Protein chains: 2
Amino acid sequence: MTSPVKLQRRSPAATRMQVSRLFHALSDPTRLHLVELLADGEHCVCDLMAAVDAAQSRLSFHLRTLKDAGIVADRKEGRWVHYRLRPEALEEMAGALNLVREARPGAWRSITCC
Amino acid sequence: MTSPVKLQRRSPAATRMQVSRLFHALSDPTRLHLVELLADGEHCVCDLMAAVDAAQSRLSFHLRTLKDAGIVADRKEGRWVHYRLRPEALEEMAGALNLVREARPGAWRSITCC
DNA sequence: GGAACATATCAAGAAATCTTGATATGTCAA
DNA sequence: TTGACATATCAAGATTTCTTGATATGTTCC
């Protein structure tokens, strides 16, 4: 059974707030790099640290930022941690983008004004 | 004729930098709101100011941020200015997102590590 | 020309974000 | 149990971004 929380009952403002958090998570080159690396599946932090050239605490900060935004999830295994993408988040971003893309942007020139 | 600038000759790092600028532009609820408003075509600043509840210089700041990122373009007409979306920028973002989405994220669990 | 208007820019402070180095936590192996 | 290791967290400073109020620029109308 689905939860009783009403779907899409967020106000437009609340939706924007959430979507802006998602975009913010990808607004940094290091985080973008991490997301690219995770595109083919799970990776452990040590793999990621080798791939992006970042100090440990810096990497940890960016991974947490991605996690807080809901873009990645983690899985603890022994003394290391694996991160993976959350496809739902990517879909949500793509969806927000499509709403704007599909509306024929730049279709007309505004005439009346003020 | 197209310009002689080579296409896609940017390094991955430079591409990430550019894409992160695009995402940054949408990482703020006010700017997201503006982009939504522009989805159906051009609007003049006064329209936008009435729609998003923002002081004049604040609105101007956010429009410039969008413009600097290449997400909108403007057109001056008499004493007012019309803004419109630049579909290329939206496509570029959607493209970056798709590269990640299409790679079956979360497909496998990493076994080997460190 | 001068006033009203639309918009942009600037300067300064406020707030958020990022980086770095230090320390904490939990796990494994000897 | 001790030590090495993987990762997270914290604290402080650096940097960036955002907001606000003031002023500048260019346009139209009288």
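Since the model is a prediction, treat every value here as computed from it, not as a measurement.
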Quickly, which of A:R64, A:K67, A:R86 forms a salt bridge (charged side-chain N to carboxylate O under 4.0 Å, His left out) with A:D74? Name it, please. A:K67
Protein-nucleotide distance (A:R21, atom CZ; C:dT17, atom P), rounded to Å: 10 Å
Rounded to whole angstrom units, what separation is found between the CG atom of B:D68 and the C1' atom of D:dC18? 15 Å
With B:H43, which residues qualify under ring pair (Phe, Tyr, Trp, His ring centres under 6.0 Å), at least two apart? A:W108
Checking B:F23 now: which residues fulfil ring pair (Phe, Tyr, Trp, His ring centres under 6.0 Å) with it, not counting sequence neighbours? A:F23
Is B:V52 reachable from A:V19 through a run of I, L, V, M, F, W or Y residues, each pair having side-chain heavy atoms under 4.5 Å apart? yes
Expressed in angstrom and rounded to an integer, what is the separation of B:L48 atom CG from C:dA6 atom C1'? 13 Å
In this structure, are over 12 heavy atoms from other groups packed under 6.0 Å from A:R75 atom CZ? yes
In the 5'-to-3' direction, what one-character label does each nucleotide of nucleotides 6-17 of chain D receive under the scheme B = base within less than 4.0 Å of a protein heavy atom, S = sugar-phosphate only, - = no such atom? SBBB-------S
